[in-house]
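The structure under discussion appears below in the form of structure tokens.
Nothing here was measured: the structure is a model prediction, and the numbers come from that model.
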Amino acid sequence: MCRFCELATDESESTLSLSQRAYVHVKSLRGASRWLLILVIGILFFNVLAIIAWISATSKTIEILVSIIISTAISAYVLGWFAVKAPHAYRKLQEWDEDYLESAYIIIFDTTIPKGNTAGEKVFNLSKLVFPELRSDLYISPLDKPTFPAFMKALLSKRNIIRNSINEDTSETLNRRFDSYVIDVAHKTDVGYFTVKDFKDKIVKPEDLRQLARILKENFTHIFRVICVAKAYDESFLNRETLDKQMSELKANFKIDLIVEEKVGFSVLWIS
């Protein structure tokens with residue numbers, strides 16, 4: 001096992017907190033409801049095709065038509081319920097996600113002494129306490145996986161068809177180089193890559209974030225989250241309105257957080 005994997009073992013084997021468990025269950029519930037909606041739409045579509053086929057058929061059986069109509073009505077009712085209820089429920093869940101993320105981020109990064117030899121390692125270990133997605137022991141059952149590809153991979157792994165997937169995923173976690181540009185952490189998760197860029201002593205400016213976003217877009221298909229670490233940021237980042245504008249102008253299709261490296265530990269400047 002690589003040195004980086006050993007550093008993260010303590011956090012990954014610890015018990016999820018109550019709020020983290022709620023966060024995981026919310027994600028699982030949203031994933032399950034999404035797949036249910038897809039299934040209902042599929043059933044409704046094939047029912048419509050069945051009705052069209054029945055109308056054009058030379059031999060018509062009324063019992064078959066009745067069963068198709070009942071199935072279609074039930075599917076339409078469920079689909080209508082989703083259309084009315086789901087947006088409101090998802091909005092409430094999203095608000096809870098944001099509240100959890102903000103409180104967990106600030107409490108953990110501002111009060112916890114990080115473990116690790118580099119800023120990238122330290123941020124990764126702290127982030128595992130914020131984002132359960134980074135934990136290899138999170139989704140014990142394949143049914144808990146948030147995406148269908150992740151479900152299939154976990155199912156195959158459970159049957160010993162895919163082996164050593166964790167070691168393969170973490171073998172190139174640290175110091176990914178793209179020409180001369182270094183990404184300090186690029187950790188593959190079921191929902192995309194979690195990346196950390198340590199700017200070290202450089203004063204980070206908007207053009208530095210634009211360059212980072214461009215490089216990540218060019219080299220990674222799916223990104224879960226990006227954390228930028230620096231000892232100092234440009235003065236324009238210290239004004240909330242200006243910072244909001246600059247971060248929105250990045251137009252990145254992934255979330256970018258800004259962390260300040262203090263003499264001891266870190267503090268949170270921006271949460272996407």
Taking all atoms of both residues into account, what is the closest heavy-atom pair of [X] and [Y], and its distance?
X: Leu129; Y: Tyr100; answer: O-OH, 4.3 Å
X: Glu102; Y: Ile271; answer: CA-CD1, 4.0 Å
X: Glu261; Y: Ala119; answer: OE1-CB, 4.2 Å
X: Ser127; Y: Ile227; answer: OG-CD1, 3.4 Å
X: Ser267; Y: Glu262; answer: OG-OE2, 2.7 Å
X: Ala104; Y: Val130; answer: O-CG2, 4.0 Å

Beyond-backbone contact of [X] with [Y], side-chain heavy atoms, under 4.5 angstrom:
X: Arg214; Y: Gln211; result: yes
X: Leu216; Y: Tyr193; result: no
X: Phe178; Y: Glu218; result: no
X: Met247; Y: Leu209; result: yes
X: Asp184; Y: Val229; result: no
X: Asp198; Y: Val185; result: no
X: Ile256; Y: Trp270; result: no
X: Ile259; Y: Val268; result: yes

Report the distance from atom [atom1] of [X] to atom [atom2] of [Y], rounding to the nearest 0.5 Å.
X: Lys205; Y: Asp234; atom1: NZ; atom2: CG; result: 6.0 Å
X: Thr195; Y: His187; atom1: OG1; atom2: NE2; result: 12.0 Å
X: Arg210; Y: Glu249; atom1: CZ; atom2: CD; result: 8.0 Å
X: Asn125; Y: Ile108; atom1: CG; atom2: CD1; result: 12.0 Å
X: Leu269; Y: Leu238; atom1: CG; atom2: CG; result: 7.0 Å
X: Phe254; Y: His222; atom1: CZ; atom2: NE2; result: 13.0 Å

So, the side chain of [X] versus the backbone of [Y]: is there a donor-acceptor pair under 3.5 Å, distance only?
X: Lys197; Y: Val182; result: yes
X: Asn239; Y: Ser236; result: no
X: Asp179; Y: Tyr181; result: no
X: Tyr233; Y: Pro206; result: no
X: Arg225; Y: Asp257; result: no
X: Thr112; Y: Phe109; result: no

Would Glu241 and Lys245 pass as an ion pair if we require N to O under 4.0 Å?
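So Glu241 does not pair with Lys245 through a salt bridge.
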side-chain contact (heavy atoms from CB on, under 4.5 Å) for Cys228 and Leu212? Distances and angles first, verdict last.
CA-CA 9 Å; Cys228 300; Leu212 173 62; 3.3 Å; yes
Should the pair Phe194 and Phe224 be assigned to parallel (<30°), tilted (30 to 60°) or perpendicular (>60°) ring geometry?
tilted
Less than 6.0 angstrom from the centroid, inside 45 degrees of the normal: does Lys128 satisfy that with respect to the ring of Phe124?
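Pair Lys128/Phe124 does not count as cation-pi.
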Give a yes or no on whether the ring-centroid distance for Phe131 and Tyr105 is below 6.0 angstrom.
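Yes, the ring centres sit under 6.0 Å apart.
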Got more than 12 heavy atoms from elsewhere within 6.0 Å of CD, Glu235?
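Not buried by this count: 12 neighbours or fewer within 6.0 Å.
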Answer yes or no: are there more than 12 heavy-atom neighbours, outside Ile203 itself, under 6.0 Å from its atom CD1?
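Atom CD1 in Ile203 is not crowded, with 12 or fewer foreign heavy atoms closer than 6.0 Å.
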